[in-house]
Amino acid sequence: MRRVSFDVAIIGGGIVGLASSRELILRHPNFTFTLLEKEKELALHQTGHNSGVIHSGIYYTPGSLKAQLCVRGATLTYQYCQKKGVPYKRCGKLIVAVEREEIPRLKALYERGQMNNVQDLRLIDAKAIREKEPYCRGIMALDSPNTGIVDWQLVALTYGKEFQEVGGTVITDFEASDIKVAAESPAGSAEGLKYPIIIKSSQGKEVRCRFVLTCGGLYSDRLSEISGCSSEPRIVPFRGDYLVLKPEKNFLVRGNIYPVPNPQFPFLGFHFTPRMDGSVWLGPNAVLAFKREGYKLFDFDTQDFINAVSYRGLQRLVMKNIVYGMGEIYRGVFTSAQVKNLQKFIPELNPSDVLRGPSGVRAQALDAEGNLVDDFVFDGGKGELGSRILHVRNAPSPAASSSLAIAEMITDELEKRFKL
């Protein structure tokens with residue numbers, strides 16, 4: 001940490017923070033930028049624990065930020081990976097209806113995808129399903145050939161490498177614990193209060209800057225609180241546990257296979273996801289995590305647990321989805337219950353064909369009424385500090401697919417707010 005004063009500090013070294021840092025420094029090469037990450041390495045949490053899908057933008061409400069950013073973000077991702085030599089596969093996705101009652105929802109998804117300008121979508125019948133996925137059974141499917149897979153952690157690290165190559169500073173092992181306005185200039189400084197914002201770490205380190213962007217993911221609400229901004233929407237962590245096909249059974253799946261979403265349930269449901277390393281992930285379920293970065297069943301943090309269960313929004317979500325939630329817990333404990341769900345799509349799948357796999361934790365934003373905050377949320381605050389800070393409060397899936405498009409939007413917003 002030779003330099004401690006910067007024009008802009010970005011807090012959070014996940015894919016959104018790294019993409020935004022890259023976009024900012026490419027547009028403003030004469031400014032000084034630092035990215036602050038609490039871990040010793042970048043992109044370790046949500047970015048390093050996701051399914052690796054490049055989403056095409058089918059599901060999202062037309063006109064929403066999710067829809068706009070995902071469609072553009074997927075295009076930019078393919079272009080970026082091609083340019084930088086990052087391996088990817090455009091393996092496609094089938095959203096498969098296995099019951100006749102799902103067909104109207106599937107057709108509605110097709111229409112939504114058309115409204116979102118997702119390219120090359122088509123509805124296919126049972127015969128065409130088997131041609132694309134020989135072991136998959138369904139009566140109709142939505143075929144999305146532009147859905148792909150990539151190692152998002154590698155993509156994020158490539159953003160970070162580019163940021164540093166053009167002059168950006170990455171400071172790891174820096175957990176932001178306080179953000180405030182300086183009362184006076186640093187001792188011996190001839191610049192006055194050119195850098196009026198002080199960011200302190202839990203280890204006692206200090207960085208000064210003119211403006212702050214926070215991309216805190218699982219801690220986005222707490223970063224907002226320590227800067228004096230609103231505590232809502234609140235982040236409630238949900239853990240998703242995957243199964244993995246045994247290598248000798250990978251032939252069962254060629255591309256992504258997804259269920260038709262049920263609007264009665266808050267999450268998407270189990271799906272089949274091929275990975276860049278050749279493995280195939282199955283799942284995930286969605287259960288409350290008792291620690292914001294708790295990837296194991298018995299990981300527990302007292303503060304995280306109390307913050308979650310005492311929040312009225314979570315209490316209301318649980319009451320609205322109690323049966324669904326109990327089912328998710330049951331399927332998380334008993335592998336055979338997960339496999340039974342998956343057999344609706346691939347009947348040849350057996351419990352003996354799978355192993356327990358990795359887990360991820362989703363930073364789910366909830367409002368006080370128990371509603372999942374479905375779209376991206378950005379805000380600042382009041383007063384001197386609030387006028388110099390922008391918080392990315394909610395960047396849900398498909399944040400990775402949208403990362404380059406999100407970075408463009410964030411940079412536009414910072415330029416407007418801070419007159420960069």
Side-chain angles (χ1 to χ4, degrees), residues 10 12-26 33 35-56 69-70 72-93 146-166 168-173 215-218 240 242 244 247 250 253 255-256 271-281 283-284 293 295 357-363 392 395-408 410:
I10 301 95
I15 197 165
V16 173
L18 288 164
S20 301
S21 300
R22 169 191 171 274
E23 181 71 18
L24 279 162
I25 201 169
L26 290 178
F33 295 90
L35 182 137
L36 309 175
E37 165 56 38
K38 70 184 181 68
E39 304 292 354
K40 296 185 186 300
E41 299 176 40
L42 299 173
L44 286 183
H45 291 294
Q46 289 188 102
T47 304
H49 288 83
N50 66 46
S51 63
V53 177
I54 304 173
H55 293 283
S56 60
L69 295 173
C70 185
R72 174 160 175 74
T75 299
L76 292 175
T77 295
Y78 285 125
Q79 293 173 353
Y80 185 83
C81 290
Q82 191 71 33
K83 180 179 178 181
K84 295 293 182 180
V86 177
Y88 68 91
K89 293 178 183 176
R90 207 184 296 245
C91 59
K93 174 168 75 174
N146 284 316
T147 298
I149 56 173
V150 74
D151 181 339
W152 283 117
Q153 188 173 40
L154 177 58
V155 173
L157 293 175
T158 306
Y159 295 162
K161 181 181 178 182
E162 191 174 359
F163 171 67
Q164 292 179 85
E165 286 174 346
V166 292
T169 298
V170 172
I171 302 174
T172 57
D173 203 20
C215 303
L218 285 156
Y242 287 92
V244 178
N250 286 347
V253 178
N256 294 283
H271 44 269
F272 301 77
T273 305
R275 301 275 296 174
M276 289 301 298
D277 62 4
S279 63
V280 178
W281 288 10
E293 292 164 354
Y295 303 108
S359 299
V361 179
R362 174 190 180 114
V392 180
S397 176
S401 302
S402 309
S403 57
L404 289 171
I406 295 172
E408 291 178 335
I410 287 173

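Heavy-atom basis, side chains included; hydrogens, waters and symmetry copies ignored. On a predicted model such as this, the values are computed, not experimentally measured, just so you know.
Within the structure, every pair that satisfies the salt bridge (Lys or Arg N to Asp or Glu O under 4.0 Å) test and touches residues 40-50, not counting sequence neighbours, is listed here: K40-D173. Applying the salt bridge (Lys or Arg N to Asp or Glu O under 4.0 Å) definition to pairs two or more places apart or across chains, those involving residues 79-91 are K84-E162.
For T172, there are no side chain to side chain donor-acceptor pair (under 3.5 Å) partners at least two apart in sequence or on another chain. Here R275 pairs with nothing under the salt bridge (Lys or Arg N to Asp or Glu O under 4.0 Å) rule; sequence neighbours left out. In terms of the salt bridge (Lys or Arg N to Asp or Glu O under 4.0 Å) criterion, E37 has no residue partners (sequence neighbours excluded). For Q164, the side chain to side chain donor-acceptor pair (under 3.5 Å) test picks out no residue, with sequence neighbours left out.
In summary, E293 and K38 engage in a salt bridge, as defined by a charged side-chain N under 4.0 Å from a carboxylate O.
You'll find the side chain of L35 reaches within 4.5 Å of the side chain of F163, heavy atoms only.
Side-chain atoms of Y80 never come within 3.5 Å of backbone atoms of T75 as a donor-acceptor pair (strictly under, hydrogens ignored).
In E165, the CD atom is crowded: over 12 heavy atoms of neighbouring residues, nucleotides or ligands sit closer than 6.0 Å.
Between Y295 and H49, the two ring planes are parallel [angle under 30°; tilted spans 30° to 60°].
Between the side chains of E23 and Y159, no donor-acceptor pair is found at a separation under 3.5 Å.
T273 pairs with exactly one of N50, V53, V280 by the side-chain contact (heavy atoms from CB on, under 4.5 Å) rule, that one being V53.
Taken to the nearest 0.5 Å, the CG atom of L24 stands 5.0 Å off from the CZ atom of F33.
For the residue pair C91 and I149, the shortest heavy atom distance occurs at SG-CG2, 3.9 Å.
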